[in-house]
Visitor: 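Here it is, the structure in full.
Since the model is a prediction, treat every value here as computed from it, not as a measurement.
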Amino acid sequence: AHQEFKSMMVGLNNYRISQALRVNPVIHRDLITDFWKNVSINKLGANRAGIVESMVKGTQVIISEQIIWEVLEFGDASVFPIAYFVDRVPEVLEKMCYEGHYLPTIKKLLPAYLRFLAHSFVSCISKRKGGSDKISQTVTSAIVALAMDWDYNFSNFVFEEMKSNLLGKKKHLFFYVPRSLQMIFN
C-alpha cells in the first residue's frame, strides 16, 4: 500500500550508510557510560586532525575519522564535503516536495518517506536523538546527499558529532552515538 516506503527501504540498503543502519549491536550501557566518563580530545593525534581518547574498562580506546570510516564502512572519502552550500540545498528540497523554508529544515514538512529517511539518519548516525523536529544544515546536507547520491563525508560527520558532544556540559552523554560507539568497541 505504501510503495514509496518500499522503494525507500531498497534505497536504504543501497546507500553508503547501510552498514551503520543495518547492524544492530547489543549496546552495553556500562561500556558507553565508561567511554563518555573518561573521554577527551587529543587535537594533535591523527596527523593533527584530532582523535577522541578514552579508557573503557581499563582499555584505551582511540577513535579517529579513519577508525569510523573502517568500522562503519561508509565508503566515503576525506575530500568529500560535510555540508553543502545554502543556495544548493533549497532547490533539492523543493524537488523533494519539502513544504517549508530552508534553514532550519523541519522534519514534519518532508514527505513521509523522506521523513523516515531523516528520522533513520538522526536516530542511527547523528548525535541528536529526538525532542526537536528541526534538523541542522549539516544533517539536511547529509539527507540531501543520500537522496541525490552526492558525495558526502559521513565518517567526518560522525567524528565531528562525537567531538561536539565534549564541548558542552551534557548530563546524559550515553545517548549520543551509542550504536557507532558499540560497533567500534566490538
Visitor: Would you check if the side chain of Gln137 reaches a backbone N or O of Tyr84 as a donor-acceptor pair within less than 3.5 Å?
Guide: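 A pair under 3.5 Å: yes.
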
Visitor: Tell me whether Asn153 contacts the main-chain N or O of Ile82 through its side chain, where contact means a donor paired with an acceptor under 3.5 Å.
Guide: no

Visitor: Quick one: pull up CG in Leu110 and OG1 in Thr140 and give me the separation to the nearest 0.5 Å.
Guide: 8.0 Å

Visitor: Would you say Phe185 and Lys57 make side-chain contact, with heavy atoms under 4.5 Å?
Guide: no

Visitor: Going from CG on Leu181 to CG on Asn186, what distance comes out if it is rounded to the nearest 0.5 angstrom?
Guide: 11.0 Å

Visitor: State, with a plain yes or no, whether a side-chain heavy atom of Val26 is found less than 4.5 Å away from one of His28.
Guide: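 When only atoms from C-beta onward are counted, His28 and Val26 do touch, with a gap below 4.5 Å.
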
Visitor: Heavy atoms, side chains only, cut-off 4.5 Å: are Asp34 and Met55 in contact?
Guide: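 Not touching, per the 4.5 Å side-chain cut-off.
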
Visitor: Do any N or O atoms from the side chain of Trp150 and from the backbone of Val144 form a donor-acceptor pair under 3.5 angstrom?
Guide: no

Visitor: Just verifying a value: how many Å separate Asn24 CG and Gln182 CD, rounded to the nearest 0.5 Å?
Guide: 11.0 Å

Visitor: Does a side-chain heavy-atom distance below 4.5 Å link Leu93 with Met96?
Guide: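 Yes - at least one pair of side-chain heavy atoms lies under 4.5 Å apart.
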
Visitor: Are Ile135 and Ile143 packed together at the side-chain level, in the sense that at least one heavy-atom pair is separated by less than 4.5 angstrom?
Guide: yes

Visitor: Give a yes-or-no answer on whether the side chains of Asn38 and Glu53 include a donor-acceptor pair shorter than 3.5 Å.
Guide: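 Absent: no donor and acceptor within the cut-off.
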
Visitor: Is there a side-chain contact between Ile68 and Ser180 in this structure, where contact means two heavy atoms from C-beta onward sitting under 4.5 Å apart?
Guide: no

Visitor: Check the pair Lys43 / Ile41 against side chain to side chain contact (heavy atoms under 4.5 Å, CB included), numbers first and verdict last.
Guide: CA-CA 6 Å; Lys43 295 180 181 182; Ile41 297 174; 4.0 Å; yes

Visitor: Once rounded to the nearest 0.5 Å, what's the spacing between atom CD1 of Ile184 and atom CD1 of Ile62?
Guide: 12.0 Å

Visitor: Same cluster or not: Leu72 versus Trp69, using hydrophobic residues (I, L, V, M, F, W, Y) connected whenever any side-chain heavy atoms lie under 4.5 Å apart?
Guide: no

Visitor: What is the distance from atom NZ of Lys163 to atom CD1 of Ile51, rounded to the nearest 0.5 Å?
Guide: 10.5 Å

Visitor: If you measure from CE on Met162 to CD on Glu65, what distance do you get to the nearest 0.5 Å?
Guide: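 Between Met162 CE and Glu65 CD, I get 11.5 Å after rounding to 0.5 Å.
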
Visitor: If you take all heavy atoms of Ser141 and Ala83, which pair is closest and at what distance?
Guide: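 In this case the closest contact between Ser141 and Ala83 is OG-CA, 3.6 Å.
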
Visitor: State, yes or no, whether a side-chain contact exists between Val92 and Tyr98 at a heavy-atom distance under 4.5 Å.
Guide: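 Val92 vs Tyr98: side chains apart.
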
Visitor: Can a donor-acceptor pair be found, under 3.5 Å and without considering hydrogens, that links the side chain of Asp133 to the backbone of Lys108?
Guide: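 Present.
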
Visitor: State, yes or no, whether a side-chain contact exists between Val52 and Val61 at a heavy-atom distance under 4.5 Å.
Guide: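 A side-chain contact is absent here, since even the closest heavy-atom pair is not under 4.5 Å.
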
Visitor: Quick check against the 3.5 Å criterion: does Ser54 have a side-chain atom that pairs as donor or acceptor with the backbone of Phe35?
Guide: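 It does hold such a pair.
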
Visitor: For Glu70, is the CD atom crowded, meaning more than 12 foreign heavy atoms sit under 6.0 Å from it?
Guide: yes

Visitor: Can you confirm whether or not the ring centre of Phe121 sits under 6.0 Å from the ring centre of Phe157?
Guide: yes

Visitor: Look at the side-chain heavy atoms of Ile, Leu, Val, Met, Phe, Trp and Tyr, link any pair under 4.5 Å apart, and say whether Met148 and Phe80 land in one connected group.
Guide: no

Visitor: Which atom names give the shortest non-hydrogen contact between Pro90 and Tyr102, and what distance separates them?
Guide: CG-CD2, 3.5 Å

